[in-house]
Protein chains: 2
Amino acid sequence: MKFNQATDYAFRAVLYLANQTRGKVVDAQTISQSQVIPMRFLLKIMPSLIKSRIVGSQRGVGGGYYLAKAPGEITLLDVVEAIEGPVTINKCLIDPSYCSKDGAPGCPVHRTLGEIQEKLVQELRNRNFDDLMHKARQE
Amino acid sequence: MKFNQATDYAFRAVLYLANQTRGKVVDAQTISQSQVIPMRFLLKIMPSLIKSRIVGSQRGVGGGYYLAKAPGEITLLDVVEAIEGPVTINKCLIDPSYCSKDGAPGCPVHRTLGEIQEKLVQELRNRNFDDLMHKARQE
DNA sequence: TATATTGTTTACCTTTTTAGTATAGTTTTA
DNA sequence: TAAAACTATACTAAAAAGGTAAACAATATA
């Protein structure tokens, strides 16, 4: 029951970009070093954030990554889904044929976990990177 | 971001025992067959539920497993923790030395995930197996 | 326009975890 | 005492996680 390492790195990379002046382009090495993320690994996960339109990139000299929207427009859920795909806390919530008992909408375990999953998703959707930036300052 | 298979099996095994007449002893094979759980695997995870005092066991002829308390006294969290240990959605929530930035109580990602984790734990604690039994009947 | 810089793509590798199986042992009842 | 039933421990195969490497494509600028 954990987010994976790539997601954790992505949270920190996005937060780092959010803390730059709007639209500033930062190269992978700078992000990697400041956030202590293995460079090659960072380079591998960034395209996922780009596909989800969370960040943009620019190649060539002076290139790098930049936030593609305002921090307040990016939720934790956006980042999680970009890296891990949809949040599903239990197998039977993806594969309907999985539940051994009471197939259809039957299995009470299935349904209860579905409700809990929905709460989790809501929590993730309710927090954006503007919140996180202020959280840092409040400290 | 998933519960593992063993936890899923445990949910179903406990719910099955909850649906028996109070204190009834059911052998592993019966549980295994009715819930479609590999017998050997079930035999391996049951001791975890016993250590957490969720179920009890009896060896020898006519032996098996039984619920050690009322279904209403067993929460989903109890079962999850019995099988997987404490719920921790992010590495930095277990290992304080992990956060690369702002060590101490600093990292806003750390703290925000901590809040979300607490919500998840509350949801799991708020649901017990009596709820699940009624959920099944309502359908 | 050549070249160094910087991200992209794809493939590969190692380690850990997961899911499941096997075997020998202990308890209990008939 | 023998069969039934759980216990403990070890083992294994497959998948996922985490990370690395190499060849490639785009871009700025000298």
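Note that these values count all heavy atoms, side chains included, but never hydrogens, waters or copies made by symmetry. Chain identifiers are assigned alphabetically (A, B, ...) following the order of the sequence lines, protein sequences preceding nucleic acid strands; residue numbering begins at 1 within each chain. Quick caveat: nothing in here was measured; it's all calculated off a predicted structure.
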Base, sugar-phosphate, or nothing: which does B:Gly60 touch, judged by heavy atoms less than 4.0 Å apart? base

Between C:dT17 atom P and B:Met1 atom CE, what is the distance in whole Å? 18 Å

Could you state the CD1-P distance from B:Ile45 to D:dC6, rounded to the nearest angstrom? 13 Å

Please determine if a side-chain N or O atom of A:Ser57 lies less than 4.0 Å away from the OP1 or OP2 oxygen of C:dT6. no

May I ask you to decide if the ring planes of B:Phe11 and B:Phe3 are parallel, tilted or perpendicular, using 30° and 60° as cut-offs? perpendicular

Quick one: A:Ile83 CD1 to D:dA16 C1', roughly how many Å, whole number? 16 Å

Assess the residue pair B:Leu132 and B:Asn128 against the criterion (side-chain contact (heavy atoms from CB on, under 4.5 Å)); give the C-alpha distance rounded to whole Å, side-chain angles, the decisive distance to 0.1 Å, and a yes or no. CA-CA 7 Å; B:Leu132 261 72; B:Asn128 62 53; over 6 Å; no

Extract all donor-acceptor atom pairs below 3.5 Å that involve side chains of residues 62-81 of chain A and protein atoms in other chains or at least two apart in sequence.
from: A:Thr75; atom 1: OG1; to: A:Leu77; atom 2: N; distance (Å): 3.3
from: A:Thr75; atom 1: OG1; to: A:Asp78; atom 2: N; distance (Å): 3.0
from: A:Thr75; atom 1: OG1; to: A:Asp78; atom 2: OD1; distance (Å): 3.4
from: A:Thr75; atom 1: OG1; to: A:Asp78; atom 2: OD2; distance (Å): 3.2
from: A:Asp78; atom 1: OD2; to: A:Thr75; atom 2: N; distance (Å): 2.9

Do other residues, nucleotides or ligands put more than 12 heavy atoms under 6.0 Å from the CD atom of A:Glu118? yes

Between atom CG in B:Leu43 and atom P in C:dA19, what is the gap in whole Å? 17 Å

Got a salt bridge between A:Arg127 and A:Glu123, using NZ or NE/NH1/NH2 to carboxylate O under 4.0 Å? yes

Both A:Arg59 and A:Phe3 contact DNA chain D. Which one's nearest nucleotide lies toward the 5' end? A:Phe3

Length of the CD-P vector between A:Gln29 and C:dG7, whole Å: 9 Å

Between B:Lys2 and A:Glu84, does at least one N-O distance fall below 4.0 Å, as a salt bridge requires? no

With 3.5 Å as the limit, what N/O pairs link the protein to nucleotides 19-21 of chain D?
from: D:dG19; atom 1: OP2; to: A:Tyr9; atom 2: OH; distance (Å): 3.3
from: D:dG19; atom 1: N7; to: A:Lys44; atom 2: NZ; distance (Å): 2.9
from: D:dG19; atom 1: O6; to: A:Lys44; atom 2: NZ; distance (Å): 2.7

What do the steps show when you test B:His110 against B:Asn90 for side-chain contact (heavy atoms from CB on, under 4.5 Å), and what is the final call? CA-CA 8 Å; B:His110 175 135; B:Asn90 188 277; over 6 Å; no

Tell me: CG of A:Asp27 to P of D:dT27, nearest whole Å? 17 Å

Does A:Gln58 put a side-chain nitrogen or oxygen below 4.0 Å from OP1 or OP2 of D:dA28? yes

Side-chain N,O (B:Tyr65) to OP1/OP2 (D:dT7) below 4.0 Å: yes

Whole-Å distance separating the CE atom of A:Met46 from the P atom of D:dA26: 20 Å

Starting at atom CD1 of B:Ile37, determine the distance to atom P of D:dC6, rounded to an integer number of angstrom. 13 Å

